[in-house]
Participant: 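There's a structure below that I have some questions on.
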Amino acid sequence: DSLDRILHNPKRPFVAVVGGMSVSHKIRTLKRLSETADRILIGGGMAYPFLKAQGHNVGDSPCRDEDVELARELLHSDRNHGKLLPRQDHVIAQSLEDSSPITTESIEIPDGYQGYDVGPQTRRIFRTCLTGAATVFWNGSMGLCDHDVYGQGTLDMASAISDCRGYSVVGGSDAVNAIKRAGVADKVGHLCTGGRASLEYVANGQLPGVKALERRMVLPVRPEAFTHDSIPKRDGVKSGDDAQAKPEKSASPKSGSPLVVEVMIDGAKYTVKVDDVKLRQHEGGKAVSLSQFAKLDGFSSVFPSASA
């Protein structure tokens, strides 16, 4: 539901913040966000391909040709005109062992240096963009989030999102950990610990596993299946209007054992194990997806029948 709120008719302005390393890993997510978000802020190592595609020098920062081409495609898309905003300055060093990092005064990174975090100008610009946002989605770190020196940009992003009055969704372990480290988890609308799953949902509008259930496992719920004699009785089990599955086997289960019934799901026979039959008629007798059925009280598991 939280991800649905940012994908379908989000309150505007809708600002997305995307970080991490690879453009290719998040290209479908970026394309989907370009259709729904009003502004996309790009931090982390993912920003370098965008900067290089714009003609800027990124020094020795990691930047694959494949990612540069993808970034150029996104930048040149009509729908993204002025929507994508990569980092504007950097905290750089010649190596992680360098004890004296440098903050650049421009967007350029000199040869021999790598960018390890967003600079103070980028932090201010990103915070300003978030100030009036009604909806925010954040996935991916702004720098080396676990590093004492190069993790400040990610922590500042956590603070900026917590100060936003709009509805915020934060996904991915790096971003979620930054929210927790900053002590602002209670100020975020929703935390998604499954970073790749949240990106997949944003990109496709549905998780692959749920999509498979919705497509292949549909439980036909028929009003005529709900009769007093339709469910074998056992201790503590109600029948009649409270029952919701018609068994094909009439033998009653042993006392204390789960109720096991067989159902037809999209033409295939499945065994449904119900620990306690408290399932009421659902959706007025309409077809109910297995994922909906699983949310009802008493549902335990479903698996193919041996006779299927």
Participant: I'd like to know if the side chain of T122 reaches the main chain of Q88, judged simply by a donor and an acceptor atom lying under 3.5 Å from each other, with no hydrogens or angles considered.
Facilitator: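 Judged by distance alone, yes, a pair lies under 3.5 Å.
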Participant: Quick one: do M21 and L84 end up in the same hydrophobic cluster if we chain Ile, Leu, Val, Met, Phe, Trp and Tyr together by side-chain heavy atoms under 4.5 Å apart?
Facilitator: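 Cluster IDs for M21 and L84 differ.
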Participant: Do F137 and I42 land in one hydrophobic cluster if side-chain heavy atoms of ILVMFWY residues count as linked below 4.5 Å?
Facilitator: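 Hydrophobic grouping puts F137 with I42.
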Participant: Minimum heavy-atom separation for M142 and F126, please, with both atom names.
Facilitator: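 Taking M142 first and F126 second, the nearest heavy atoms are SD-CE2, 4.2 Å.
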Participant: About how many Å separate CH2 of W138 and CG of L191, when rounded to the nearest 0.5 Å?
Facilitator: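 The CG atom of L191 sits 10.0 Å away from the CH2 atom of W138.
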Participant: Might you work through the side chain to side chain contact (heavy atoms under 4.5 Å, CB included) test for V184 and D163, ending with a clear yes or no?
Facilitator: CA-CA 9 Å; V184 294; D163 289 341; over 6 Å; no
Participant: Is it the case that the side chain of D117 and the backbone of G153 share a donor-acceptor pair, with hydrogens and angles ignored and the cut-off at 3.5 Å?
Facilitator: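 Pair found, side chain donor or acceptor close to backbone of G153.
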Participant: Once rounded to the nearest 0.5 Å, what's the spacing between atom CG of N57 and atom CD1 of I109?
Facilitator: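 Reported to 0.5 Å precision, the distance equals 7.5 Å.
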Participant: How long is the gap from CG on L41 to CD1 on I125, to the nearest 0.5 Å?
Facilitator: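 The CD1 atom of I125 is 9.5 Å from CG of L41, to the nearest 0.5 Å.
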Participant: Is there a side-chain contact between H56 and P86 (heavy atoms, below 4.5 Å)?
Facilitator: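 Contact flag for H56/P86 side chains = no.
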Participant: Salt bridge check: are K52 and D67 linked by an N-O gap of less than 4.0 Å?
Facilitator: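 Salt bridge flag = no for D67 with K52.
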Participant: Taking S61 for its side chain and Q114 for its backbone only, find out whether a donor-acceptor pair lies under 3.5 Å.
Facilitator: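 Checking the backbone N and O of Q114 against the side chain of S61, no donor-acceptor pair under 3.5 Å is found.
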Participant: With no hydrogens and no angle check, is any side-chain donor or acceptor of N139 less than 3.5 Å from a backbone partner on V18?
Facilitator: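 Judged by distance alone, no pair lies under 3.5 Å.
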Participant: Among all residues two or more places apart in sequence or in another chain, which pass the salt bridge (charged side-chain N to carboxylate O under 4.0 Å, His left out) test with D60?
Facilitator: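 Salt bridge (charged side-chain N to carboxylate O under 4.0 Å, His left out) list for D60, sorted by chain: empty.
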Participant: Drop me the distance from R32's CZ to I27's CD1, to the nearest 0.5 angstrom.
Facilitator: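 The CZ atom of R32 sits 14.5 Å away from the CD1 atom of I27.
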Participant: Treat each ILVMFWY residue as a node, draw an edge where side-chain heavy atoms are under 4.5 Å apart, and state whether I179 and L130 are in one component.
Facilitator: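 Yes, because I179 and L130 connect within a single hydrophobic cluster, where side-chain heavy atoms sit under 4.5 Å apart.
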Participant: Are there over 12 heavy-atom neighbours, none belonging to E105, within less than 6.0 Å of that residue's CD?
Facilitator: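 No.
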Participant: Return the set of residues passing salt bridge (charged side-chain N to carboxylate O under 4.0 Å, His left out) with D156 (not counting sequence neighbours), or none when no residue passes.
Facilitator: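 D156: salt bridge (charged side-chain N to carboxylate O under 4.0 Å, His left out) contacts with R123.
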Participant: Suppose we screen for salt bridge (charged side-chain N to carboxylate O under 4.0 Å, His left out). Which residues come up paired with R124, at least two apart in sequence or across chains?
Facilitator: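 Salt bridge (charged side-chain N to carboxylate O under 4.0 Å, His left out) check on R124 returns nothing, list empty.
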Participant: With sequence neighbours excluded, give me every ring-ring contact (aromatic ring centres under 6.0 Å, His included) pair touching residues 104-125.
Facilitator: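 As it turns out, the ring-ring contact (aromatic ring centres under 6.0 Å, His included) pairs with a partner in residues 104-125, which skip direct neighbours, are Y116-Y150.
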Participant: Give a yes or no answer on whether the side chain of S77 reaches the backbone of L74 with a donor-acceptor pair at less than 3.5 Å.
Facilitator: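 Judged by distance alone, no pair lies under 3.5 Å.
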Participant: If I take atom OG1 from residue T154 and atom CD from residue Q152, how far apart are they, to the nearest 0.5 angstrom?
Facilitator: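 Rounded to the nearest 0.5 Å, the OG1-CD separation comes to 9.0 Å.
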Participant: Determine whether R5 and Y167 make a side-chain contact, defined as any pair of heavy atoms from C-beta on separated by less than 4.5 Å.
Facilitator: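 Of all side-chain heavy-atom pairs linking Y167 with R5, at least one is under 4.5 Å.
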Participant: V169 and C192: which non-hydrogen atoms are nearest, and at how many Å?
Facilitator: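 So the minimum-distance heavy-atom pair works out to CG1-SG, 3.8 Å.
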Participant: Test of understanding: clusters of I, L, V, M, F, W, Y form through side-chain heavy atoms closer than 4.5 Å, transitively. Do L75 and Y48 belong to the same one?
Facilitator: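 Different clusters: L75 never reaches Y48 through Ile, Leu, Val, Met, Phe, Trp or Tyr contacts under 4.5 Å.
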Participant: Yes or no on side chain to side chain contact (heavy atoms under 4.5 Å, CB included) for E73 and L70, after CA distance, side-chain angles and deciding distance?
Facilitator: CA-CA 5 Å; E73 176 186 332; L70 291 172; 4.3 Å; yes
Participant: For the pair L51 and I107, evaluate side chain to side chain contact (heavy atoms under 4.5 Å, CB included) and give the outcome as yes or no after the intermediate values.
Facilitator: CA-CA 8 Å; L51 295 176; I107 201 169; 3.4 Å; yes
Participant: Can you find a heavy atom in the side chain of Q121 that is under 4.5 Å from one in the side chain of T103?
Facilitator: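 Not touching, per the 4.5 Å side-chain cut-off.
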Participant: Once rounded to the nearest 0.5 Å, what's the spacing between atom CD1 of I161 and atom NZ of K187?
Facilitator: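 Result: 13.5 Å between the selected atoms.
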Participant: Which pair of non-hydrogen atoms, one from G115 and one from I92, has the smallest distance, and what is that distance?
Facilitator: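 It is CA-CG2, 3.8 Å.
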Participant: Please determine, by modelled atom types, if R165 and T131 share a side-chain donor-acceptor pair under 3.5 angstrom.
Facilitator: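 The answer is no; no qualifying pair exists.
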Participant: Counting neighbours of CG on N9 that are heavy atoms of other residues, nucleotides or ligands and sit closer than 6.0 Å, is the number greater than 12?
Facilitator: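 No, the 6.0 Å shell around CG holds no more than 12 heavy atoms from other groups.
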Participant: Tell me, yes or no, whether the heavy-atom count around D65 atom CG, taken from other residues, nucleotides or ligands under 6.0 Å, exceeds 12.
Facilitator: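 No.
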Participant: What's the shortest heavy-atom distance between S24 and R64, and which atoms?
Facilitator: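 For S24 and R64, the tightest heavy-atom pair comes out as OG-NH2, 2.6 Å.
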Participant: Where is the tightest heavy-atom contact between V91 and P101, given as atom of each residue plus distance?
Facilitator: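 Closest approach of V91 to P101: CG1-CB, 3.9 Å.
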Participant: Indicate if V17 and L155 have the same hydrophobic cluster label, given that clusters are the connected sets of ILVMFWY residues with side-chain heavy-atom separations under 4.5 angstrom.
Facilitator: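 No.
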Participant: Please identify each residue that fulfils side chain to side chain contact (heavy atoms under 4.5 Å, CB included) with D146, with sequence neighbours left out.
Facilitator: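 Per chain and number, D146 pairs via side chain to side chain contact (heavy atoms under 4.5 Å, CB included) with R181.
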Participant: Return yes if some donor-acceptor pair links the side-chain N/O of D174 with the main-chain N/O of G140 below 3.5 Å, else return no.
Facilitator: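 No, D174 side chain to G140 backbone: no donor-acceptor pair under 3.5 Å.
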Participant: Could you walk me through whether I6 and F14 pass the side chain to side chain contact (heavy atoms under 4.5 Å, CB included) check?
Facilitator: CA-CA 8 Å; I6 68 172; F14 171 23; 4.1 Å; yes
Participant: Please determine whether the number of non-hydrogen atoms from other residues, nucleotides or ligands lying under 6.0 Å from atom NZ of K83 exceeds 12.
Facilitator: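 It does: K83 NZ has more than 12 such atoms within range.
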Participant: So, the side chain of T104 versus the backbone of H90: is there a donor-acceptor pair under 3.5 Å, distance only?
Facilitator: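 Confirmed, T104 side chain pairs with H90 backbone.
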Participant: If every non-hydrogen atom of R12 is compared with every non-hydrogen atom of A134, which pair is closest and at what distance?
Facilitator: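 Smallest interatomic distance, heavy atoms only, reads O-CB, 3.5 Å.
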Participant: Mind checking what makes salt bridge (charged side-chain N to carboxylate O under 4.0 Å, His left out) contact with E108, not counting sequence neighbours?
Facilitator: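 None.
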